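Keep in mind the model is a prediction, meaning the values are calculated, not measured. Note that ligands are numbered from 1 as they come in the structure, with each ligand's atoms numbered from 1 the same way. What's counted below: heavy atoms across the whole structure, side chains too, no hydrogens, waters or symmetry copies.
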Amino acid sequence: MAGLYRIKILLLWAGIFGVADCSYIVTPFKTGFTINFQNAPLGNYNIHVKEKGQNETGNKVFQDTIHRSLYNISNLKPCTDYEHVVTFSNAGIETPCVPLNNEHTMMTNPMNEGDIKPGKCDPGYLCFNTDWNIDSVQITANNIKAQVMPCPSDNKIFCIKPGFNDICTDLTTTFKQCGNSSFSVTHHISAAAFLSSIEIRQTYPEKLPTNIEANLHQLYPNCTNLTIDYICSDSGNNFKNLSELEPFTDYNCIGQIKENNDNIKNTTAIPVRVDCELKIENKEPTSTNTSIELSWTTTSRNCEKVLPELEKLSYDCRCHPDNWKLGQKSGQPTVNKQPRGGTCEVSGLTPFTDYTCSVQPTYNKKDVPQPTEVTQKTGVGVPEDVGKLKISVPEHNVIKVTCPTVKHFYGPKNIYIATLTYGGVIQRSQNNSKNCEFEFKDLSYSTDYVVEVVAYNGHFSSKQVTSQTVNTLYNNKAVIIRLSIFFIICVVMVPVFYKSKIYMKKHRNSQDVNEAVMLESIASDDVYTNISQLHHEETRC
Ligand SMILES: *[C@@H]1O[C@H](CO)[C@@H](O)[C@H](O)[C@H]1NC(C)=O
Ligand SMILES: *[C@@H]1O[C@H](CO)[C@@H](O)[C@H](O)[C@H]1NC(C)=O
Ligand SMILES: *[C@@H]1O[C@H](CO)[C@@H](O)[C@H](O)[C@H]1NC(C)=O
Ligand SMILES: *[C@@H]1O[C@H](CO)[C@@H](O)[C@H](O)[C@H]1NC(C)=O
Ligand SMILES: *[C@@H]1O[C@H](CO)[C@@H](O)[C@H](O)[C@H]1NC(C)=O
Ligand SMILES: *[C@@H]1O[C@H](CO)[C@@H](O)[C@H](O)[C@H]1NC(C)=O
Ligand SMILES: *[C@@H]1O[C@H](CO)[C@@H](O)[C@H](O)[C@H]1NC(C)=O
Ligand SMILES: *[C@@H]1O[C@H](CO)[C@@H](O)[C@H](O)[C@H]1NC(C)=O
Ligand SMILES: *[C@@H]1O[C@H](CO)[C@@H](O)[C@H](O)[C@H]1NC(C)=O
């Protein structure tokens, strides 16, 4: 630093005494010297004070226009030889002043304990306030050379930074000067003032119960009395301690650093979230024709210990394609939660249908990973009833039955079974695995039958659908034979008997018409057509 001080002084009062030789006395003063002018004519004075043997770089030049006889020069180095030169200039002529003790060099005082006072600068630093220039002073902290930093806001203050090991201990700072002369000051480096929470690294295992680990004691080995209590807050500003944390929740945790139960500092906030990593393992499901029962065990990589206590953990069971979801339909699946798993029954399902069922874990009513799926077919059910029967009698002694296609057989086979009964006794039975079409032939003439049709799936039959009584037609062949006889009479015999029998034939003919009308009421159209044609021809004959 600057070893030289140059002071230009305009000594107004010097003029009173006229131009004369100037002289001064220099004495050590506190942290520098006092220049005491003895004889000083009016003029400009320059005071040079510089460290002996040093260059003049970094000179401070200051002028003082206020006349006085005493000049205090401070801020010098302790126990250091300084050269002093005082000149007087008048009308461009520079004249050196004479030091009355004839000494052109002088040593500053040693620094003593009282010259070092506590200073305040940046937090985390141990600072001192002094008027001395301490550049020549060797400063050690606990016997280790200290790095001295000037305080930016106050040039009389300098600071040293205590090491991590020094926190929570008494630190002895030694100032060594003048060869071996030294003194020490001791300060307690309190955690409250010197601990830097930014330096503390915090980690936590992603597990419940969790525990935040901070490297406080590794960082500050002598702070054995410090503890950290963590307080965590969720997004709703609910405060919890670490043992109360819930999974699947974002927290911000702050450690309260305590010394003998006093909260002296807080750590920086650390975000904490534990996802349990649930693993659902489905057991073989069981089913009825309308329900599936799922059963599973739950394991968790991160929450194994607390799993049975997680009250907000639940499960949703859904089976597709019906797409059940809890709460959407009545008869919702009832979940029976167990400490490490659960069961649920999904009911209201369609028989004989392939379902994909999933178990979705939820926490606090929100889905959490990982759902699992299992496929299961519902059991065989009762087929849908066959629709309205269509009965026809296409010919005499033939009954034809059709019914609409049954959409849902709910079983492995799709068979229609038609049974023909007469007087409550089964006469015939036919199966049809393609469609609902049956034809019963060669039936008895003019008999009242009842047709019953069911859908059958290999296990269950639908309800029987029973037709009304179906009457087969008159013996159609007999009618034809009879009509043929009329034909023969008409064509062969009539020419013979025409004139004599004409009335008789006409009478019989009208009897036939009555028969035909009777037939018509139960016969199908073509039968009627045949008969009426026959009748027509007969009439013509
Ligand atoms: C003085 O200054 C000169 C040049 O500026 C330099 O070479 C020399 O080392 C300096 N001496 C001291 C004692 O600082
Ligand atoms: C110099 O220091 C002395 C002793 O502390 C004091 O009495 C005097 O006023 C100071 N002079 C100036 C100019 O600071
Ligand atoms: C300082 O002390 C050491 C031993 O403590 C000694 O060797 C050395 O000569 C001393 N120096 C001065 C300048 O007194
Ligand atoms: C502080 O801790 C360091 C490192 O553990 C140790 O060497 C030193 O002795 C301790 N200081 C005190 C005063 O306990
Ligand atoms: C720790 O606390 C105990 C009891 O309060 C006290 O006696 C001891 O000095 C403290 N130790 C430190 C290093 O502060
Ligand atoms: C956490 O808080 C609960 C209740 O608030 C309390 O019972 C428990 O002792 C606390 N645990 C810790 C480690 O502070
Ligand atoms: C630490 O944080 C708590 C809660 O935010 C606060 O009340 C307390 O004042 C803080 N302590 C310090 C030393 O900053
Ligand atoms: C399911 O099967 C039972 C007999 O095990 C039967 O009584 C029930 O009607 C069937 N349900 C359906 C919807 O098919
Ligand atoms: C009709 O199906 C039933 C049930 O599968 C069977 O017992 C019966 O033998 C079948 N009859 C005919 C004629 O295929």
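A centroid separation of 6.0 Å or more is found between the aromatic rings of Tyr24 and Tyr71. Aromatic ring centroids of Phe175 and Phe128 lie under 6.0 Å apart.
If you number the atoms of ligand 8 from 1 as listed, the ones under 4.0 Å from a heavy atom of Gly381 come out as 14 (O). Short contacts between ligand 4 and Pro221, defined as distances under 4.0 Å to a heavy atom of the residue, involve ligand atoms 2 (O), 4 (C), 5 (O). Atoms of ligand 8 found under 4.0 Å from any heavy atom of Thr290, numbered from 1 in the order shown, are 13 (C). Which parts of ligand 2 touch Phe29 is read off a 4.0 Å heavy-atom cut-off, strictly below it: atoms 2 (O), 4 (C), 5 (O).
Residues Ser184 and Thr174 bring a donor and an acceptor atom of their side chains to less than 3.5 Å of each other.
In the candidate list Asn72, Thr34, Ile73, Asn72 is nearest to atom 11 (N) of ligand 2, counting heavy atoms.
Leu226 places a side-chain heavy atom less than 4.5 Å from the side chain of Leu195.
The CG atom of Asp131 sits 8.5 Å away from the CG atom of Asp115 when rounded to the nearest 0.5 Å.
For atom 9 (O) of ligand 8, the nearest protein heavy atom is under 4.0 Å away.
Using the six-membered ring where Trp is involved, His84 and His104 have ring planes that are parallel, under 30° apart on the 30 and 60° scheme.
The nearest protein atom to atom 13 (C) of ligand 4, hydrogens excluded, is given as Thr169 CG2, 3.5 Å; this is a heavy-atom distance. Shortest contact from atom 4 (C) of ligand 8 to any protein heavy atom: Phe460 CZ, 3.8 Å. Among all non-hydrogen protein atoms, the one lying nearest atom 14 (O) of ligand 8 is Val382 N, 2.8 Å. With hydrogens left out, the protein atom closest to atom 6 (C) of ligand 8 is Asn289 ND2, 4.1 Å, a heavy atom.
At least one N or O atom of Asn222, backbone or side chain, sits closer than 3.5 Å to an N or O atom of ligand 4.
Ion pairing between Lys258 and Asp229 holds under the 4.0 Å rule for side-chain N and carboxylate O.
Between the side chain of Asp154 and the main chain of Cys151, no donor-acceptor pair closer than 3.5 Å is present.
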